[in-house]
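First comes the structure, then the notes that go with it.
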Protein chains: 2
Amino acid sequence: MTKEEKRFQEKIKSIQDTMFVIGGKWKIPIILSVYSGNKRFNEISNSIPKITNRVLSKELKHLEENLLITRNVIEDYPVRIEYAVTDYGLGLEEIAKPLESWGKKHKKKIIGK
Amino acid sequence: MTKEEKRFQEKIKSIQDTMFVIGGKWKIPIILSVYSGNKRFNEISNSIPKITNRVLSKELKHLEENLLITRNVIEDYPVRIEYAVTDYGLGLEEIAKPLESWGKKHKKKIIGK
DNA sequence: GATACTTGTATACAAAAGGATACTTAATTA
DNA sequence: TAATTAAGTATCCTTTTGTATACAAGTATC
């Protein structure tokens, strides 16, 4: 394998890693929702059209495991759970922005056919 | 729904549109492969570790339908098929770059724990 | 006292995505 | 003549994702 090819393989690997962590229909929307002020389970759930409890619950766990959000138990009466985006999670902005603007462009392209 | 909320919903929609078109493990790697010089089915297949014929075939169709690549039949003896990235497909660079660099960063973060 | 809200979990099921393997058809090469 | 290449397709199977529904335990409301 040439050096070029090797570099290409690593590029692929990095992209696949990213896709594993934040790919799919829901993960970035969830992070953006939390970032934009929705802290509690039902708030997040209501802010994202069509998401179900089961999926939201699973995705939140996945994001927590990958250090992108935190789950905080607030010892009040009654106990509350609040989610927050970590500093590390904020770094996703650099991905979310291009994804959003590309999506907009693409819709125009497809409609304009 | 406030204006803020509406804008947020549209943001989500755009991101989900993008994910539908270029999400998953294979689509961006395939485009990069073609872009970097692999034109023929088996070339592309060999350049991407672990991809199977079936998946490659499906993904190529999906990408063609979304105007990101073209499939060209070269009338030679024997007939050859060559894939190429469209000008429109080149616009994905703005997404592929951040995905790659985020993946690299993330790997370091996870290893460094 | 009965009912609803919160933050999920549990269960069962359906649909979509991904993977393994074999096969096709025509041409080329050994 | 046999094996190989090219560009996939066909079949079957597993995994992931998504949907629907019910349930829990405590608090709040009617």
Side-chain angles (χ1 to χ4, degrees), chain A residues 12-13 15-31 33-34 37-66 68-85 99, chain B residues 12-13 15-31 33-34 37-66 68-85 99:
Chain A
I12 289 181
K13 191 109 201 6
I15 289 174
Q16 289 180 334
D17 287 348
T18 301
M19 280 308 192
F20 175 74
V21 178
I22 54 98
K25 202 169 161 184
W26 305 112
K27 297 189 192 74
I28 295 190
I30 289 168
I31 288 175
S33 172
V34 176
N38 302 300
K39 302 180 198 314
R40 311 193 52 188
F41 192 88
N42 282 347
E43 282 175 358
I44 302 168
S45 175
N46 292 327
S47 74
I48 301 174
K50 308 237 176 179
I51 198 165
T52 62
N53 283 0
R54 184 185 186 269
V55 170
L56 178 54
S57 175
K58 282 199 171 186
E59 298 286 48
L60 285 169
K61 258 180 212 158
H62 174 96
L63 294 172
E64 207 193 339
E65 278 162 15
N66 282 282
L68 298 169
I69 62 170
T70 53
R71 178 184 189 274
N72 307 298
V73 181
I74 311 285
E75 294 293 350
D76 207 344
Y77 303 96
V79 165
R80 266 173 305 142
I81 311 287
E82 289 192 358
Y83 293 91
V85 179
L99 289 178
Chain B
I12 289 181
K13 191 109 200 6
I15 289 173
Q16 289 181 333
D17 286 348
T18 301
M19 280 306 193
F20 175 75
V21 178
I22 54 98
K25 202 169 161 183
W26 304 113
K27 297 189 193 75
I28 293 190
I30 290 168
I31 289 175
S33 173
V34 176
N38 301 302
K39 302 178 198 317
R40 309 191 54 183
F41 192 89
N42 283 345
E43 282 175 359
I44 302 168
S45 176
N46 292 329
S47 73
I48 301 174
K50 309 236 176 182
I51 198 166
T52 62
N53 285 359
R54 182 186 186 269
V55 170
L56 178 54
S57 175
K58 282 198 171 186
E59 298 286 49
L60 285 170
K61 260 179 211 157
H62 175 96
L63 294 172
E64 206 193 340
E65 279 162 15
N66 283 281
L68 298 169
I69 62 170
T70 53
R71 179 186 188 273
N72 307 298
V73 181
I74 313 285
E75 293 293 350
D76 207 344
Y77 303 97
V79 165
R80 263 174 305 143
I81 311 288
E82 290 191 357
Y83 292 91
V85 179
L99 289 178

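So that the names make sense, note that chain A is the first sequence line, chain B the second, and so on, each numbered from 1.
Between the P atom of dG8(D) and the CZ atom of Arg80(B) lies a distance of 13 Å, rounded to the nearest Å. Taking atom CD on Glu82(A) and atom C1' on dT6(C), their separation rounds to 13 Å, with Å as the unit. One interatomic measurement links the two molecules: CD1 of Ile81(B) to P of dA27(C), which rounds to 14 Å at whole-angstrom precision. Asp76(B) has its CG atom 20 Å from the P atom of dT5(D), to the nearest Å. What separates NZ of Lys27(B) from P of dA16(C) is a distance of 14 Å, to the nearest Å. Rounded to an integer number of Å, the gap from Leu60(A) CG to dT9(C) C1' is 14 Å. The CZ-P distance, from Phe20(A) to dA17(C), rounds to 18 Å in whole Å. A straight line from NE2 of His62(A) to C1' of dT16(D) spans 13 Å, rounded to a whole angstrom.
Identified under the salt bridge (Lys or Arg N to Asp or Glu O under 4.0 Å) test for residues 18-28 of chain A, with sequence neighbours left out: Lys27(A)-Glu59(A). Judged as a salt bridge (Lys or Arg N to Asp or Glu O under 4.0 Å), the pairs with a partner in residues 76-85 of chain B (not counting sequence neighbours) are, in order, Asp76(B)-Arg80(B), Arg80(B)-Glu82(B).
Asn38(A) has its side chain out of reach of Ile48(A): every pair of non-hydrogen atoms, C-beta onward, lies at least 4.5 Å apart. When side chains are defined from C-beta on, Met19(B) does not count as touching Trp26(A), because their heavy atoms never get closer than 4.5 Å.
Between Lys58(A) and dG18(D), a side-chain N or O to OP1/OP2 separation shorter than 4.0 Å is absent. For Lys61(B) and dT9(D), the shortest distance from a side-chain N or O to OP1 or OP2 is below 4.0 Å. Distances shown here put every side-chain N or O of Trp26(A) at or beyond 4.0 Å from the OP1 or OP2 atom of dT16(D). Note on Arg40(B): every side-chain N or O is 4.0 Å or more away from OP1 and OP2 of dT5(D).
Of the candidate nucleotides dG18(C), dA6(D), dG18(D), dG18(C) has the atom lying nearest to any side-chain atom of Glu59(B). Among dA7(D), dT9(D), dT19(D), the nucleotide with an atom closest to any side-chain atom of Ser57(B) is dT9(D). Distances were taken from every side-chain heavy atom of Lys25(B) (C-beta onward) to each of dA7(D), dG8(C), dG19(C); the shortest belongs to dG19(C). For Pro78(B), whose side chain is taken as the heavy atoms from C-beta onward, the closest listed nucleotide among dT28(C), dT9(C), dG18(C) is dT28(C). When each of dG8(C), dT9(C), dG18(D) is scored by its nearest atom to the side-chain atoms of Tyr83(A), the top-ranked nucleotide is dG8(C).
Annotation: proximity of residues 41-54 of chain B to DNA chain C (heavy atom, distance under 4.0 Å) is found for Thr52(B), Arg54(B), numbered in ascending order.
Every side-chain contact (heavy atoms from CB on, under 4.5 Å) that Asp17(B) has, sequence neighbours left out, goes to Lys107(A), Lys13(B). With sequence neighbours excluded, the residues satisfying side-chain contact (heavy atoms from CB on, under 4.5 Å) with Lys58(A) are Arg54(A). Applying the side-chain contact (heavy atoms from CB on, under 4.5 Å) criterion to Asn53(A), with sequence neighbours excluded, gives Phe41(A), Ser45(A).
Among all heavy-atom pairs drawn from Asn72(B) and Ala84(B), the shortest one is ND2-CB, 4.2 Å.
Pairing partner, dC30(D): dG1(C), with both Watson-Crick or wobble hydrogen-bond distances short of 3.5 Å.
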